Undergrad: 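I have a structure here, written as structure tokens, and I will follow up with some questions on it.
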Amino acid sequence: MDKISQPKGTRDFGPAQMAKRSLIIDSIKKIFQRYGFQPLETPAMENLSTLQGKYGDEGDQLLFKILNSGDFLKNVNKQHLEAHNWKLITGDIAEKGLRYDLTVPFARYVVMNRHEITFPFKRYQIQPVWRADRPQRGRYREFYQCDADVVGTDSLVCEAEIILMIKDSFGVLGITDYSIKINHRGVLSAVAELLAASGKESSLFVAIDKLDKIGEEKVKEELIERGFESSSLPLLFEILTFHGNNQSKVEFLTQKFAASEKGKKGLTELTQVLELVKNFGADLAHVEFDISLARGLSYYTGCIFEVKINNVSVGSVGGGGRYDNLTAVFDSKEKSSGVGFSFGIDRLYDALEELNLFPPDAAASSTLLVAYLDNESFSYGLKIIRHLREQGIACEIYPDLTKVKKQMEYADRKKIPFVIVIGSDEVKSGLLSLKNMKTGEQHKLTHEQILDIVKK
RNA sequence: GCGGGCAUAGCUCAGUUGGUUAGAGCAUCAGAUUGUGAUUCUGAGGGUCGUGGGUUCGAGUCCCAUUGCUCGCCCCA
């Protein structure tokens, strides 16, 4: 027999995992709502034209494409076929793809519905996304993102609120050792200007983003491989490895960026964001201006964020930033600035598991099982069940007439804390045997007494 | 796309320089206990040793190929 399995990089979530996942999702959802964000869902699939070209060449490779229905060979261009050009053939046989993130579908939604939307529009969205990536630890082909974006305002209050929402979320989830890294595209651009590397910005950013992961020497090697002059590196690393608090970093860079409008603007905005967080009455613990934070996605134009939990093996659990032109890719007249942030639910889950932060009773189950000995007590039990459910008690009756042992085993495995055993005695007297599965105690009680105990 | 590791019962794994009928724990099922779980005891079922080929008197073990999984690299939540 062939082994059955899910596609690799995808997972089932059983009841125990769902309980924990719901805990994360419900907590974050509540916080997003508290900040005025409204829910949105978009389809799993989008037109490929919506998705392609938004994530760079690498991103396009990672899009899952959906084969056209029916005779998908109908529209294949013969020249593409003869030339064996699979990339062009892909375009002929697939016109839809699975969403790669939630931000681009959101931008599409905004452009399509701009006349109905009240701006600034704040939406949150918790849905799976798909990447045709090679699965690894903490990296899945199907995973959930939990996005909150604001579109239609340049106000830096949004950035400040993102920081606050991250802090609130981690507070609720019990995560204490983490850092919110913040940087600004303008700062990165100014660095590129200083190196006279304006044409190779993204190449530069990808390399320096690895600084804390692979170290200074490796980054130097990579930069030289990517064609950067070794004479320009000392200045770069003087900037990247500057130590100090957020304020001294800003001061240091202000000198360096004296000639760069982009750089000065970036520093001003960063400073304002941090000020706003303080004006909210929150502290700046965990918030760190990190000059080497770059992030891959090309559409960011302002502040960028990344969140890491310390001492876990999962990598970053969230990221985001401001994008001025995302909606413009769908309509050049549309120039809404947006800023957003995304938690990776799956990585948060892995981190909480690693840190042992899930409460032990996360898995929800019935609080009571009715076990019975014969058909007469079964009928009696059905009425009890109905009564208890009306009182809001989650309870169930074992569906088949079988040994009490079996019914007890069932309750034990499902971690149901109470069992009522009904036999002819109970039916006659109306006093029911209530067993506490934790202590093993069992007493004959009236319906009201049982309700009192079980309701607690 | 590139590199490393692994593949034996449902699961986690042991299996000696190659040697008779491939083992353990957990899980499952039954019984001890026909009105009581978790704990205890007894028993049972469960294997194409990933697949194909080769070496050998003999292969779970050695060689080659292949597939699957997995950990890294690129990139990313």
Side-chain angles (χ1 to χ4, degrees), chain A residues 1-9 24 55-63 86 99-103 126-147 202-203 205-207 209-210 213-214 218 222 225-226 294-298 305-309 312-321 340-351 369-374 377 398 401-427 432-444:
Chain A
M1 187 180 78
D2 288 334
K3 275 207 167 176
I4 56 165
S5 66
Q6 321 93 316
K8 61 180 170 183
I24 298 173
Y55 310 106
D57 288 343
E58 292 269 357
D60 282 354
Q61 299 283 336
L62 297 178
L63 288 173
W86 61 271
R99 73 167 101 79
Y100 179 90
D101 71 358
L102 300 177
T103 311
I126 303 171
Q127 287 190 279
V129 302
W130 293 269
R131 294 184 190 180
D133 207 349
R134 186 160 199 143
Q136 285 169 41
R137 175 202 290 278
R139 171 187 265 178
Y140 307 101
R141 282 182 156 172
E142 177 185 65
F143 61 95
Y144 278 67
Q145 287 192 327
C146 185
D147 269 41
S202 61
S203 183
F205 298 161
V206 165
D209 194 43
K210 294 179 192 168
K213 197 174 171 188
I214 62 175
K218 293 268 167 137
E222 187 162 335
E225 257 173 51
R226 287 170 185 254
R295 292 187 58 76
L297 289 178
S298 48
F305 304 97
E306 185 160 283
V307 182
K308 284 193 169 153
I309 300 175
V312 294
S313 54
V314 294
S316 78
V317 296
F341 181 79
S342 180
F343 279 119
I345 299 287
D346 308 83
R347 286 189 174 176
L348 267 179
Y349 181 102
D350 292 346
L369 175 82
V370 170
Y372 54 94
L373 287 137
D374 49 37
S377 29
Y398 197 85
L401 177 53
T402 179
K403 289 183 239 177
V404 173
K405 179 188 171 93
K406 193 114 193 202
Q407 304 183 55
M408 285 289 175
E409 259 169 20
Y410 175 79
D412 185 52
R413 282 186 199 186
K414 279 191 77 177
K415 296 196 164 59
I416 296 173
F418 295 103
V419 175
I420 288 177
V421 184
I422 304 177
S424 49
D425 294 355
E426 284 83 357
V427 173
L432 305 181
S433 301
L434 179 73
K435 176 156 184 163
N436 180 326
M437 294 296 277
K438 235 178 230 164
T439 63
E441 286 173 52
Q442 184 169 325
H443 302 288
K444 293 214 166 178

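Residue numbering restarts at 1 for every chain, and letters A, B, ... go by the order of the sequence lines. In this text, all values refer to a predicted model and were calculated from it rather than measured experimentally. Atom set for the values below is all heavy atoms of this structure, side chains included, hydrogens, waters and symmetry mates excluded.
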Undergrad: Which nucleotide in the set C75(B), C73(B), G37(B) lies at the smallest distance from any side-chain heavy atom of K210(A)?
TA: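 Closest nucleotide to the K210(A) side chain: C75(B).
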Undergrad: Look at K435(A) and A38(B) and indicate whether a side-chain polar atom (N or O) is within less than 4.0 Å of OP1 or OP2.
TA: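 False: K435(A) side-chain N/O out of range (4.0 Å or more) of A38(B) OP1/OP2.
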Undergrad: Within the structure, does a side-chain N or O atom of K403(A) lie under 4.0 Å from either OP1 or OP2 of U33(B)?
TA: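 Checking U33(B) against K403(A), no side-chain N or O comes under 4.0 Å of OP1 or OP2.
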Undergrad: Looking at the base of G35(B), is there any donor atom on it, or on the side chain of Q407(A), that sits under 3.5 Å from an acceptor on the other one?
TA: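 Answer is no: no donor-acceptor pair is held.
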Undergrad: Report yes if at least one side-chain N or O of K415(A) is closer than 4.0 Å to OP1 or OP2 of A38(B); otherwise report no.
TA: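 The answer is no; no side-chain N or O of K415(A) sits under 4.0 Å from OP1 or OP2.
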Undergrad: Within the 4.0 Å heavy-atom criterion, would you say E441(A) contacts the bases, only the backbone, or no part of the nucleic acid?
TA: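 No contact.
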Undergrad: Hey, what are the protein-to-nucleotides 39-43 of chain B N/O distances that come in under 3.5 Å?
TA:
none

Undergrad: Counting the atoms with a prime plus P, OP1 and OP2 as sugar-phosphate, which does Q145(A) contact under 4.0 Å by heavy atoms, base, sugar-phosphate, or nothing?
TA: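 Sugar-phosphate: the residue Q145(A), judged by heavy atoms under 4.0 Å, touches backbone atoms but no base.
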Undergrad: Send over the distance from L62(A) CG to A77(B) P, rounded to a whole Å.
TA: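 My rounded result for the distance is 11 Å.
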Undergrad: Does a side-chain N or O from K406(A) land closer than 4.0 Å to OP1 or OP2 of G37(B), or not?
TA: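 Looking at the OP1 and OP2 atoms of G37(B), neither is under 4.0 Å from any side-chain N or O of K406(A).
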Undergrad: What does Y410(A) touch in the nucleic acid at a heavy-atom separation under 4.0 angstrom: a base, only the sugar-phosphate, or nothing?
TA: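 If one applies the 4.0 Å heavy-atom cut-off, Y410(A) turns out to touch nothing in the nucleic acid.
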Undergrad: Indicate whether OP1 or OP2 belonging to A27(B) is found under 4.0 Å from a side-chain N or O atom of R413(A).
TA: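 Result: no.
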Undergrad: Have E426(A) and S377(A) got a donor and an acceptor in their side chains that come within less than 3.5 Å?
TA: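 Side-chain D/A pair, E426(A) to S377(A): absent.
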Undergrad: Answer yes if the side chains of D147(A) and T103(A) hold a donor-acceptor pair under 3.5 Å, and no otherwise.
TA: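 Yes, a side-chain donor-acceptor pair sits under 3.5 Å.
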Undergrad: Nearest to the side chain of E222(A) - C2(B), C75(B), G35(B)?
TA: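 Selected nucleotide: C75(B).
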